[in-house]
**Student:** 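This is the structure, below, for whatever I ask next.
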Amino acid sequence: MPRYVIDEAALRRNLEVLKGVADKTGVRILLAQKAFSCPATYPLCAKYLSGTTASSLFEAKHGHDNFGGETHVFAPAFIPGEMDEMLGLVDHIVFNSPRQVALYGENAHARGVSVGLRVNPEVSVATTPAYDPCSPGSRLGTTRTALDSQLATPDFRLPALDGLHFHCLCEQGVDELRKVLAGFECRFGDLLPQMKWVNFGGGHHITREGYDIDGLVALLNDFRARHPHLVVYLEPGEAIALNAGTLEASVLEVQPVGADGVANVILDVSAACHMPDVLEMPYTPPILGAMKVEDGELGRGKGAFRPPFLYRFGGPTCLAGDVIGMYSFGKKLAEGDAVVFGDMAIYTMVKNNTFNGLNLPDIAIRRENGCIETLRHFGYDDFAARI
Ligand SMILES: *Cc1c(COP(=O)(O)O)cnc(C)c1O
């Protein structure tokens with residue numbers, strides 16, 4: 001039975017790093033639940049972070065009910081029928097456009113909810129278009145041109161804004177943040193004196209090895225010194241649970257070496273179902289004790305170098321593209337062997353699915369005392385309830 005195992009000690013190490021940044025700068029850090037939403041870890045996370053951010057009513061309710069602290073929400077457009085419940089759950093709501101602010105802003109203020117606008121600083125730093133909210137034609141965030149032209153529309157009145165929000169990074173560092181912030185201040189800096197807060201979004205890879213934490217602290221302190229009246233938020237998802245969990249799988253079958261010289265291995269986990277970012281991003285996840293081999297690295301033709309024990313891992317679905325990647329092992333693999341994928345806490349449990357009727361892996365946690373506790377087990381009813 002495959003399972004995700006969240007590593008509580010690794011999670012705490014990440015949280016300590018993030019709290020260090022908050023303590024040295026006075027910024028508030030929120031958990032972006034879309035990356036990681038394990039309620040069993042929320043009491044621990046809540047000791048280190050200021051609250052949660054959500055992308056929907058359900059995530060907002062989940063953060064509000066399980067985490068406490070501040071509850072923020074952003075959506076490209078809100079669903080009218082959900083707004084009343086939403087405003088009872090969140091303390092900060094970020095709208096994507098001036099028209100959304102006009103639609104819901106007054107009501108939000110009346111309910112005591114702080115109102116923000118997501119802006120588009122038009123600085124593209126993300127390396128993949130799918131993860132670049134500043135790409136031309138993006139629907140995410142309001143450009144300065146769009147804001148000004150909306151404000152110039154006859155009869156349009158924008159309710160007061162308390163904050164501005166931008167989110168332009170994906171797994172990135174301080175240099176990229178510096179570029180985005182410069183663009184943000186250049187285009188929207190004149191609005192900052194009227195604001196109470198600014199949200200720098202997510203995508204800050206703060207807990208990655210080699211991340212320039214001192215540089216981030218310096219950048220944040222510089223911004224805070226220039227705008228002392230503003231509360232600054234960061235809302236990373238990935239950085240909170242980076243490398244804080246594994247997916248334990250096992251080998252169902254090792255196929256004979258194929259025409260391309262590589263043996264396919266069928267696992268009891270699927271990229272399509274259980275680690276969808278492998279196909280969406282796409283990327284090749286690490287396997288503990290094995291080496292990733294990119295297709296282009298393989299020598300071709302007779303006598304070409306081949307790493308030993310070379311396998312291509314794939315899932316048990318009917319999807320031809322349900323391929324996880326190619327790896328070189330230290331030994332020959334056999335049926336029943338364990339295969340452990342690294343960095344599987346983020347964008348996995350929140351995103352998996354039962355395509356092909358595959359069951360979902362258990363969710364477990366390795367407590368700091370070493371004990372592994374199963375938090376969730378799934379079965380036919382979970383599959384049947386969704387179709
Ligand atoms: C995805 C997202 C985040 C979190 O991003 P990470 O890359 O997981 O840090 C934060 N804010 C917004 C608006 C997002 O869309």
Side-chain angles (χ1 to χ4, degrees), residues 11 14-15 17-18 21-22 27-38 41 45 48-60 62-63 67 70-78 90 92-97 100 115-121 123-135 138-142 163-174 176-177 180-181 184 197-208 211 213 216 232-245 275-277 280-281 283 343-351:
L11 184 62
N14 288 345
L15 292 165
V17 169
L18 295 165
V21 171
V27 307
R28 299 190 195 166
I29 303 184
L30 310 169
L31 162 67
Q33 293 182 97
K34 78 160 194 252
F36 177 75
S37 311
C38 175
T41 66
C45 295
Y48 294 88
L49 305 173
S50 295
T52 56
T53 187
S55 316
S56 61
L57 177 66
F58 290 172
E59 278 190 358
H62 189 260
F67 198 108
E70 296 185 26
T71 307
H72 295 226
V73 68
F74 160 79
F78 286 96
V90 303
H92 291 67
I93 186 162
V94 177
F95 296 100
N96 194 48
S97 70
Q100 286 267 301
V115 171
L117 175 68
R118 176 168 174 172
V119 297
N120 177 351
V123 181
S124 274
V125 290
T127 47
T128 338
Y131 293 90
D132 180 11
C134 298
S135 65
S138 169
R139 74 189 190 292
L140 299 170
T142 299
L164 295 178
H165 174 291
F166 65 82
H167 168 76
C168 313
L169 304 182
C170 179
E171 301 188 331
Q172 280 162 318
V174 182
E176 289 89 354
L177 174 59
V180 168
L181 187 60
F184 168 73
W197 50 267
V198 172
N199 188 321
F200 288 11
H204 316 275
H205 228 191
I206 303 172
T207 50
R208 176 189 67 206
Y211 183 94
I213 290 173
L216 176 66
V232 175
Y233 291 100
L234 304 183
E235 48 177 29
E238 176 143 357
I240 283 152
L242 186 66
N243 291 313
M275 35 187 150
D277 269 3
E280 269 181 44
M281 200 127 180
Y283 79 107
D343 195 20
M344 282 289 153
I346 45 176
Y347 292 105
T348 49
M349 293 160 268
V350 290
K351 230 179 154 174

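The basis for the numbers below is simple: all heavy atoms, side chains too, and nothing from hydrogens, waters or symmetry mates. Index from 1, following the sequence. One-based numbering, in listed order, for ligands and for the atoms of each.
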**Student:** Does a side chain donor of either Glu235 or His72 reach within less than 3.5 Å of an acceptor in the other side chain?
**Tutor:** no
**Student:** Do Phe74 and His167 have their ring centres less than 6.0 Å from each other?
**Tutor:** no
**Student:** Suppose we screen for side chain to side chain contact (heavy atoms under 4.5 Å, CB included). Which residues come up paired with Phe58, at least two apart in sequence or across chains?
**Tutor:** Ser56
**Student:** Show the protein residues that qualify under the rule heavy atom under 4.0 Å from an atom of ligand 1, listing them in chain and number order.
**Tutor:** Ala32, Lys34, Ala35, Arg118, His165, His167, Gly202, Gly203, Glu235, Pro236, Gly237, Glu238, Tyr347
**Student:** Quick check against the 3.5 Å criterion: does Ser138 have a side-chain atom that pairs as donor or acceptor with the backbone of Leu140?
**Tutor:** yes
**Student:** State whether the side chain of Gln100 and the backbone N or O of Phe78 hold a donor-acceptor pair below 3.5 Å, judged by distance alone.
**Tutor:** yes
**Student:** Once rounded to the nearest 0.5 Å, what's the spacing between atom CD of Glu238 and atom CD1 of Ile206?
**Tutor:** 11.5 Å
